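Written below as structure tokens is the structure these notes are about.
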Amino acid sequence: MEVEGGSRSAGAGEDRTIPIQSGQPMAFFQFTQQNLPACKPVLTPAWVITACLLMGFIFIPIGLVTLRASHSVIEIVDQYDTECVPEVHKYMKAPIYIYYQLDNYYQNHRRNQIPNVVGFCLCICFDSKLTPRYLPESNHGLPIVPCGLIAWSFFNDTFKFIRERTELMVNRKNIAWKSDRDHKFGKQVYPFNFQNGTFTGGGSLDPSIPLSDQEDLIVWMRTAALPSFRKLYGRIEEDLDEGDLLEVHVMNNYNTYSFGGKKKLVLSTLSWLGGKNDFPGLAYVFIGCSSIIISIVFMLLHVKNPRAYGETAYLSWNRKSISG
Amino acid sequence: MVESSGRTKGKLRWSKLYSFSCFRATTGDVQELIGQPGFSRVVFGNEPQLHKTKPFKYTNNYVSTTKYNVVTFLPIALFEQFRRVANLYFLLTACLSVVNLAPYSPSSLIAPLVFVVGISMLKEAVEDWQRFLQDLSVNNRSVKTHLGNGIFVDKLWKELCVGDVVRVSKDEYFPSDLLLLSSSYEDGVCYVETMNLDGETSLKIKRCLETTLGVNEEKEFTRFKASIRCEDPNPNLYTFVGNLEFENRSYPLCPAQVLLRDSKLRNTDYIYGVVIFSGHDTKAVRNSTRSPSKRSRIERKMDYIIYLLFSILVLISFISSIGSALVLKYDMVKWWYLHLQNDDRYFNPSNPVVSAILQFIRALILYGYLIPISLYVSIEVVKVLQAMLINKDIEMYDEVTCKSVKARTSNLNEELGQVEMILSDKTGTLTCNQMEFRKCSIAGISYGGDINEVDLAASRRMNADVEAYRFSVHDSDTTSQSYEMFEFSVADINAQKAAPGGHEDMAIPILENSKISNVRKETFIKGFNFRDDRLLNKNWIHKSNSNDMTMFFRVMALCHTGIPVEDDHTDKLKYEAESPEEVAFLIASQEFGFQFCRRAQSTMVLKEVDPSSGKEMEREYKLLNLLEFSSSRKRMSVIVSDEDGQIFLLCKGADSIIFSRLGENGRSYQQETTSHLSSYAEDGLRTLAFAYRKLEEGEYQHWNLIFTKAKTTVGPQREELLEKASEMIEKDLILLGVAAVEDKLQKGVPECIDKLAQAGLKIWLLTGDKKETAINIGFACSLLRQDIKQFDISMSKEVESNNQLQAMKAEVLEKIGSSYQLMCEESNKDSPFSLVIDGKALEIALRNDVKDQFLQLAVNCASVICCRVSPKQKALITRLVKKYTGKTTLAIGDGANDVGMIQEADIGVGISGMEGMQAVMASDFSLPQFRFLERLLIVHGHWCYKRISKMVLYFVYKNIAFGLTLFYYELYTSFSGEVLYDDWYMVMFNVMLTSLPVISLGVFEQDVSSDLCLQLLTANLLHSAMQQFPALYRQGQKNVYFSWSRIIGWILNGVVASLVIFLSNIYILSPTAFRENGQVSDIAHLGAITYTCIIWTVNCQMALVITHFTWIQHLFIWGSILLWYTFLFLYGALPPDYSHRTFHLLLEAVGPAPLYWMVTLLVVIVSLLPYFLHIAIQRSFFPMDDHVIQEMKYYRKDVTENQIWLREQHNSQIMTQIGFSARVDARVQAFRGQLHQRKILIQRSVTNSPIYK
């Protein structure tokens, strides 16, 4: 091959210039010759060890901070049937968020989603073409607002919190997403013809309040992703002290017994990260520690059994001749 | 010189020049067949109008090589498309979507399918269109055709029909199979070049029937009428049975009268012929086979991956449907909130089986993301781009022909990286079909011999070692030999320095070629590449043995069948002769001062230099007899008498034949000549020995009587008598010397073969040419060398003449058997073997019951040369080799005779340099020159292989990582078939968010770059690292990057990624609040966050896969991620009617939540960790070749440690057995051996000497 070297090298210089002179930009020429300037990182042990260590040093602090945030959250979970007396075991600073939790409840079932018109229907809900088939009932062809199975199965348990015989104020405003209130659920749309057939599903709505103000409905309408889910009920805007006994008056309307679903009431404070969940913190710490261990193991292996990088003895033909 | 123009030729009666008739009379028995089935064709010569009606209506002369026509394109192309499993699956899903069973909208399923199929079909259409254009240009060539009344007009080829009389002029192709009627020569012969049919370079002589000799004027054709009865169209090139009825008499016809399409008229001004077979009936077209659509190995394996994925798909769909049915039957009925009714087909509690089936179908489509539909589109796009880059590569641009490499189908780019076997044609592919006079040995002295290239290279390498060697040898042992050796190499170096433009530095490795200086010669004479001042410029007349020299040159100038042609520009003549080798001799003799200037009927005129005076004078020689060359005689003689009446027999021929006919007094130079001969042969030169004999008048007269009598004999014993007669006179010869001509190799061929051999490729030479020529070329290309054991399988004469199948088979089998046994015995010695087989033997060897043994032997040989093979055999060998070895084969050729092989091989490469286009038309890649094959395979092939395989694996990974999350989510929705993601996310996934990085991988990835090497000391070398380490290519041959273990590995990687992504999201986001305002995540949030993780993961995975980042890769990878956020933002900004759940998702809900970003970081890191660890461990502890070379480049070792770099280059080459370097290695070994022995000898003598004691 080198035979041509001499003649080629003389000619090659010219070759290279021809296309450029003929008006093509240099970059395009480099592109067609697959000769663009490129960075070719090589994964040397130094890189591996540095990357792992760096990862460890970033992940562990994040994990610890996250864990701390999670631990700062106080959460009371209480399953209720008829009565529910959660005990505050630690001081809870306001606002305290109240959730109801349903287990083994498939709000994410596809049948719920089939006329995927949740928001749509609620705003301009007078297009009867969209509704008939999946509505539980349509009374004499009249439209139903709000429509859809999810609305029909509206959760309607209510809770009243009494601490030492005084009722705690539960703020039930601002529990839904702002965009839902402002854009999806019409301000001029009022419940109409809802839950008034022979077969009633979940809760009913006050027909005098526009949908955009029915925040518990809006929260319910947000499809839960998993069969076990919490939904925001309201907020207690008073601090709760350790040892406080809360008496919860439950209006147990919603039927979960027929399919073995569980209902729970959750009281929880929040951190900057949200609710109580140790998983992310633990995961971060675990991954951080693992990567440091990996880097140490890698370092040890490398010290014990170093491979000179770019060492030619590792080329297959050399290895073959060694073994052969 | 005026009379020696073209016209003179026409007046010659060539038949008289030849004392042997070329053709035996046809035997009568086959004639009886005419009229029988299979021999029923009737042609009315010069009456084409009779062929307008049945039953004599034959096909017209239009030849089409296209795959489709307007009508058949759609059905056939569609059928081809839906032979791909995946396409069929997507067609099915599209159909289902129309009947409302699919989870997605019909348009989102149909559009990509139409796109994929459309692009592929468009590609097919464009390729076929090109074929059509090519056909058009062939069909629109024109030929002079008889219109009537002796008027000839131009007619397009395609309009020609059977019965037409045509006139074909010199150097034109025959438009169809013609029956030769007459030619410009009085005796009705013409010369035909059949290179396109059988690859043979020497011209073939055709001869018309005596009865039609007279019709050689245009006006004669007014009343000419003849009818021809002959065989039906068939593909057999060498047979023809028919008879001509002319003037109420019937004459038998034989192949000698038939001019075949695709062959070319040479050395003859014009011929008249009548069309007997046209268009698709012609033998050449019958010989061609339809071009099959080829698929690469990776693509075929990809089908299996698709099957695998499809079975995973079916499995999880099955799980889903069963799960769904169980839930429906036992649980769902209790779920009042779903308000189950019998109206819903999917959830019909009264009929769970139907629901399960429907769910199954739905799930099949839902999880369709496991089957990467966009893979096909991406691969098509990538391959087109790759092909474009291949076409644009300036390193593969031929300045001479202004052509560049063309990938004619882009289907096979990656297959180029896996080739293990190259089947090459010779003429026009390796050689340029041009002979050059290179060397000669006259009277025992060799002339024109620059130092043998191999020796030069070997000594150069020794030189590098000698220093070290000298020190290792004891001071006292510095043998004369090693000193001599050192001197020798120094001398070379000096010579090299002195050469114009020679290399100054000596660090140039192994391969150095003295040919460079030849290229730069100021005056270049075609066919004459000889530099030796001793002979040129008439210097030879001062030599002592000028008499021998004169005789030598006379033999060269007189013993031939050539004729001079005028060259307008100079006083030098050009020559035409039957074989290019004779032309080379004539040109050489002209250069030496023996210009052959005229040939008359029985005289030859030379303008020769008189050695005594040094003046030029014309001399006339009387040509008394000409004993023609034939392959069995292997010699040719002329008997001439000079002006003084002295009679000479001048003879040239194969050395063995000549040597056996030397007289006692003629052997004076035999020993030297023999040694020269072997060195010439080693260099791949074709040699002919020259000898002469002086005849006494009486002796000649006596012999001439016998000879004339033999000549006039009619009957079977004629041949024998002539043979005997010539034996009588061609004896007691006096050896003059040998001349060596080089069948000129194309530029860069030996080096290219060398590199390819280092890359682990085996090269088989398949040629239609003679065995000797083939072997010469084998030597010239270093496919053969003297120290390789050569098996020669050919039929012995007796067996061949008996033509008995059993005996032939027995002989071939015996030869194969013994060769194989020998091979087995010596296999441990690591010595290579080569195999030479000729067409006849091959025919037997390729029979079903013999082929296994043959292939077993052939495959184990380092090189195989098949000579005298027909186009069909070439194709057959290719097919058998492909099938037997299961390895990727590449066939390369330039002529129509290679078409079969090109189509049969996994990759067909056509050489586009020559005028014939058939090979290029049938090929997958066309190269202007053979030498570009190296870069095409080793650089582009390797890259494309790696790119495509990485790309496919990544696609599999990507789709598994994404598709499985859909399935996992099903487990949480009671198998109801709910989708976690928005429809638009799904559409975007393959189309926008992950496609561009893959394409950039497929187009730009380079494991080892082709950067010009920056070696300071060898600034002359402009070769990529890849070309320096052809051994990297073996990765492709072993299919390292697309092995099942890798495929499974990537699938597992995808599974791990999908699990990590899904589970982390589920556990982190549920059920507690994910923001400080207390909101919990719903299905939209979980979907968006999970999807973000997927986009990050697959794109970062891409960044880990890529080893070569240009700004394009960066742009695509990071741009894709950015694009996702942009998309999410814009989609969310749409009114809720359009954006549904995604409304204000990013800005309001997800973006401000710190947990969202933490999840992303965590998931990306965790899901990439396994792969990262894998590559870190692999690189650190089990590095592969490309890793090490990357590292060497990275640390710039090529610059700082030049020696190592060079040494590695050398080491990587060591394993080869054929090629130039291997030859050099062998030579160095031999030198070392000698040196060592000498050393031992001296040592012994020293230690034994009394002084030492």
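Values below: all heavy atoms of this structure, side chains included; hydrogens, waters and symmetry mates excluded. Because the structure is a prediction, the values reported are computed rather than measured.
- Contact count versus chain B (heavy atoms, under 4.5 Å) is highest, among Pro41(A), Gly261(A), Ser268(A), for Pro41(A).
- The shortest heavy-atom contact between Leu43(A) and Arg1179(B) is O-CD, 3.1 Å.
- Distance alone, capped at 3.5 Å, places no donor-acceptor pair between the Tyr106(A) side chain and the Ser976(B) backbone.
- Looking at Ile1175(B), both its backbone and its side chain come within 4.5 Å of chain A, counting heavy atoms on both sides.
- For chain A, the nearby part of Ile1165(B) is the side chain; its heavy atoms alone come within less than 4.5 Å.
- In this structure, the portions of Phe31(A) lying under 4.5 Å from any heavy atom of chain B include both its backbone and its side chain.
- Heavy atoms of Ala283(A) lying under 4.5 Å from chain B belong to its backbone as well as its side chain.
- Top candidate by heavy-atom pairs under 4.5 Å with chain B, chosen from Asp180(A), Ile62(A), Leu301(A), Thr269(A), is Leu301(A).
- For Pro37(A), the part sitting under 4.5 Å from any heavy atom of chain B is the backbone (N, CA, C, O) and nothing else.
- Counting heavy-atom pairs under 4.5 Å between each of Val1166(B), Leu1069(B), Asp393(B) and chain A puts Asp393(B) at the top.
- Per-residue counts of heavy-atom pairs under 4.5 Å with chain B were compared for Trp272(A), Phe229(A), Phe259(A); the largest is that of Phe259(A).
- Taking Cys39(A), Ser153(A), Gly275(A) one by one and counting their heavy-atom pairs under 4.5 Å with chain B, the maximum is reached by Cys39(A).
- When each of Val73(A), Val48(A), Leu226(A), Leu232(A) is checked for heavy-atom pairs under 4.5 Å with chain B, Leu226(A) comes out on top.
- Between chain A and the options Leu1162(B), Ile390(B), Thr1107(B), the largest number of non-hydrogen pairs under 4.5 Å is found for Leu1162(B).
- For the atom pair CG (Leu282(A)) and OH (Tyr1067(B)), the distance works out to 13.5 Å, reported to the nearest 0.5 Å.
- Proximity to chain B involves both the backbone and the side chain of Ser258(A), based on heavy atoms less than 4.5 angstrom apart.
- Under a cut-off of 6.0 angstrom, the local environment of OH in Tyr257(A) is crowded, with over 12 non-hydrogen atoms contributed by other residues, nucleotides or ligands.
- Residues His109(A) and Ser974(B) have side chains in contact (heavy-atom distance under 4.5 Å, counting atoms from C-beta outward).
- Scanning both residues, Pro1071(B) and Ser228(A), for their nearest heavy atoms gives CB-O, 4.2 Å.
- Side-chain N or O atoms of Glu1148(B) include one that pairs as donor or acceptor with a backbone N or O of Lys178(A) at under 3.5 Å.
- Looking at heavy atoms from C-beta onward, Met1158(B) lies in side-chain contact with Thr66(A) at the 4.5 angstrom threshold.
- Taking the six-membered ring where tryptophan is involved, the planes of Tyr105(A) and Tyr337(B) are essentially parallel, since the angle between them stays under 30° and well short of 60°.
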Verdict with supporting geometry, Tyr99(A) and Thr1072(B), side chain to side chain contact (heavy atoms under 4.5 Å, CB included): CA-CA 9 Å; Tyr99(A) 299 90; Thr1072(B) 56; over 6 Å; no
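- With a threshold of 4.5 angstrom between heavy atoms, Ile1112(B) approaches chain A through side-chain atoms but not through N, CA, C or O.
- Residue contact with chain B, scored on non-hydrogen atoms closer than 4.5 Å, involves the side chain of Ile287(A) exclusively.
- Side chain of Asn108(A) to backbone of Tyr969(B): no donor-acceptor contact under 3.5 angstrom is found.
- For chain A, no part of Asp331(B) is nearby; none of its heavy atoms comes within less than 4.5 Å.
- Among Tyr284(A), Tyr97(A), Trp177(A), the residue making the largest number of heavy-atom pairs under 4.5 Å with chain B is Trp177(A).
- Between the side chain of Arg1075(B) and the main chain of Gly274(A), no donor-acceptor pair closer than 3.5 Å is present.
- Ala176(A) and Gln1079(B) make their closest contact through O-NE2, 4.4 Å (heavy atoms, listed as atom of the first residue, atom of the second, distance).
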Is there a side chain to side chain contact (heavy atoms under 4.5 Å, CB included) between His302(A) and Ser1180(B)? Walk through the geometry before answering. CA-CA 8 Å; His302(A) 191 67; Ser1180(B) 301; 5.5 Å; no
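- To the nearest 0.5 angstrom, Lys40(A) atom NZ is 14.0 Å from Ile1106(B) atom CD1.
- A distance of 6.5 Å separates CG in Asp1082(B) from NZ in Lys231(A), rounded to the nearest 0.5 Å.
- Only the side chain of Tyr254(A) comes within less than 4.5 Å of a heavy atom in chain B; its backbone stays farther off.
- The residue among Met388(B), His1144(B), His1114(B) with the most heavy atom pairs within less than 4.5 Å of chain A is His1144(B).
- Most heavy-atom pairs under 4.5 Å with chain A, from the set Val1159(B), Ile1177(B), Leu1169(B), Leu1161(B): that is Leu1161(B).
- Between Arg110(A) and Gly977(B), the closest heavy-atom pair is CD-O, 3.3 Å.
- Atom CH2 of Trp335(B) sits about 13.0 Å away from atom CD of Gln107(A), to the nearest 0.5 Å.
- Asn277(A) places a side-chain N or O within donor-acceptor distance of the main-chain N or O of Ile1068(B), the cut-off being under 3.5 Å.
- Heavy-atom distances place no part of Val333(B) under 4.5 Å from chain A, backbone and side chain included.
- A donor-acceptor pair under 3.5 Å is formed between the side chain of Trp336(B) and the backbone N or O of Asn255(A).
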